[in-house]
2 protein chains.
Amino acid sequence: MKNLMIAQSGGPTVAINSTLAGIVERALTGGEIPHVYGARFGIKGLLNDDVIEIGGMLSDPDALKRLIHTPSSALGSCRVKLGGPDTAAREYETILRTLEKYDIGYFIYIGGNDSMDTVAKLSDYIKDKGIQGLSIMGAPKTIDNDLCGMDHSPGFGSAAKYIATTFTELWCDCGVYDIPAVTIVEVMGRHVGWLTASAALANTGEEGAPQLIYLPEIAFEKEKFIADVRRELARNPAVLIAVSEGIHYADGTFVSEGENTVTDVFGHKYLSGAARVLEDMVRTEIGCKARSIDLSLMQRCAGHLAASNDLTEAKLLGATALDRALKGESGKVSVITRISDSPYRVKYETVCAKEIANKEKAIPREWINAEGNFITEEMYTYLRPLVHGHFGNHSGDNSLPRHYH
Amino acid sequence: MKNLMIAQSGGPTVAINSTLAGIVERALTGGEIPHVYGARFGIKGLLNDDVIEIGGMLSDPDALKRLIHTPSSALGSCRVKLGGPDTAAREYETILRTLEKYDIGYFIYIGGNDSMDTVAKLSDYIKDKGIQGLSIMGAPKTIDNDLCGMDHSPGFGSAAKYIATTFTELWCDCGVYDIPAVTIVEVMGRHVGWLTASAALANTGEEGAPQLIYLPEIAFEKEKFIADVRRELARNPAVLIAVSEGIHYADGTFVSEGENTVTDVFGHKYLSGAARVLEDMVRTEIGCKARSIDLSLMQRCAGHLAASNDLTEAKLLGATALDRALKGESGKVSVITRISDSPYRVKYETVCAKEIANKEKAIPREWINAEGNFITEEMYTYLRPLVHGHFGNHSGDNSLPRHYH
């Protein structure tokens, strides 16, 4: 009987701890696994032998329940990019030594497409070395919803619910004075616009908002943008706009470029300020009141607005990853496949980590309107079930959430 | 039998529509008032004869219920400052003409200290002119909690709940990577720090956060700030800080000064960017990862996090204002007086509008610690009941809030 190691990686989400809880639940109930360990700060925990026993702690039902509705990564995270075995042989050996030390038979890495690259590389390495009895599995997470091979990724639905809810409220605030005012809200999303598009859920028709949505999937044109805003101002003095951080011009230049050129370890440009640039455009070109809002970290950690559909799916994806590892799979990632929209039905499967690693899923062109400034009904159909269900994590005294620490 | 006119003014809150609903409920049930009118965009509605009948619409119980949990000002708001009768005689006459046109016996103005100035001036004018049968009353609102003459102002508790909840979640996110990181969150508050102080509710003791709070009540010192942050970083690599937009140096210069010097019609400097300035200080002086977050409009419109204590009190203050007007009072404002902290008990009274107009209530010095960088237990005792109770405004399908429009 071998032990289980779990780690979490990449940017936090509201659902990543629910996936951790799902894995632990499956381990606690199956009877096949003596010890459950957590590597702290992602793969760094294996590189530095920073490992804690978590099966015991989480055998407390109240702790397990609190973990499910605690946002962010309880085990800590990292943004370490593991090189290939040719360039980083020593790191692979260190990781294997740590896994051996704790007598690990199953390592499950919860993360995004960079982490699924680690899953693919590690499982290949183990296979190439002829090592037996060690399964490496991935469980997906990302608020960006950019992972291939699955209907949607856990964490997205809750972030989308936060964004859509916030837009319904900002819309109440936007029209309060009788002067033309343009409010531009920046949403996370470097290369794909799923999160930004989810703001459309706040617009339920006639005189709804946001009226305009700008996504990285469509090349941004300043003249078109100003014309769009002028047209909307003529209809309603309050205009609310959702914009992805990663909108760019046809030549690939980010709209926010020049403001911030910090690069993270994966080589991604760290962006901020697209909404601020648009705010300045509106003020200069149209001359009306304009303001920008950045939803910042709140969109990825607003656990009090978690969609219960999302948390439930995230948990079952964790359980699926371990279950399939116990059945002998390795180098695979658990995924959600949608069976039907209405009623909403899904199934849980696994796909090769290589199908997911280093790829990004953009919004299909036909789910964006012809003008390139809003979404279509197909996209609404896709989004609606994902934000469903209010979880509620208020503490017993009904005032603030109580998290797992 | 005379009619009722209601208007809303100043910055939106989550509770201002609950006050409107409380006035309307009292009018609908008392049998003394034939028609209930709303002036649109505050006092501007009376100046421009922009008036709608609202008693009929709100006799629909579902609409009334939705209004209570809809953030912002359903009637619209304004930031018009009414001059004295000597300089603005024509405006006073126009207002009276409009009130006369709709056969108004009771005008209730919901707003902050500038609006209470309008209530005081208008009621004095009416008295001076010897006009009979027209009562002018105020009902308070402001997220800032800076109104004198009352324990706290409606709208504050819900904003405080949003802020404290958000800090509990940001704290989960802050410590996710194993590198020193300082996160500075800017909270509204030009001259008083009540809202910023409410972030402390997220810190429930040992290893809690925010660890540091900077308020406009205490002169800001850069060296002291940097020393505070260094000390906290030595204890925990993740440091979370709450800062008021209006923090300033001993000479009165705003920390954000230079970044933004726009002035509103009341002569208030429009500030933003104190957290951004502090972020730059940390990066330059300490050299670790630093970021700033602005809670922006969300802190005043997050209806989904409304404190039910706040909404209930706001409603009863509305009812109180009308009830006392019907009993012959004028030039008064309805207020909450706290009878006891535990159990939390309040009573509803009225005070002269002049006691409230143009004044600001700061946090008592003894409710801030000696270091000037956190709050004391007295402040916790004051704050706790105000964020109590989860209202919940999710729609029937359990996904997004459904607001009154």
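None of these values were measured; they are calculated from a predicted model. To find a chain, count down the sequence lines: A is the first, B the second, and so on, and within it residues start at 1.
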Turns out that what part of A:Phe167 lies under 4.5 Å from chain B's heavy atoms comes down to neither

Part of A:Ala74 within contact of chain B (heavy atom distance under 4.5 Å): neither

Out of A:Pro12, A:Gly175, A:Gly76, A:Ser77, return the one with the most heavy atom pairs under 4.5 angstrom to chain B. A:Ser77

dist B:Leu295:CG -> A:Asp294:CG (nearest 0.5 Å) comes out at 11.0 Å

Determine the minimum heavy-atom distance between B:Phe41 and A:Val176, stating which atoms define it. CD2-O, 3.3 Å

Side chain of A:Glu169, backbone of B:Pro71: donor and acceptor closer than 3.5 Å? no

Between B:Thr70 and A:Cys172 the two heavy atoms that sit nearest each other are CG2-SG, 3.9 Å

B:Leu170 side chain reached by A:Cys301 side chain, heavy atoms, under 4.5 Å: yes

If you tally heavy-atom pairs under 4.5 Å against chain A, which of B:Ala164, B:Ala302, B:Ala307 wins? B:Ala302

Can you check whether B:His304 reaches A:Thr168 side chain to side chain, under 4.5 Å on heavy atoms? no

In terms of heavy-atom proximity below 4.5 Å to chain A, should B:Ser73 be classed as side chain, backbone, both, or neither? both

Considering only heavy atoms from C-beta outward, does the side chain of A:Met298 approach that of B:Ile293 to under 4.5 Å? yes

Okay, A:Ser296 and chain B: the region with an atom under 4.5 Å from a heavy atom over there is side chain

Side chain, backbone, both or neither: which part of A:Leu75 has an atom under 4.5 Å from a heavy atom of chain B? neither

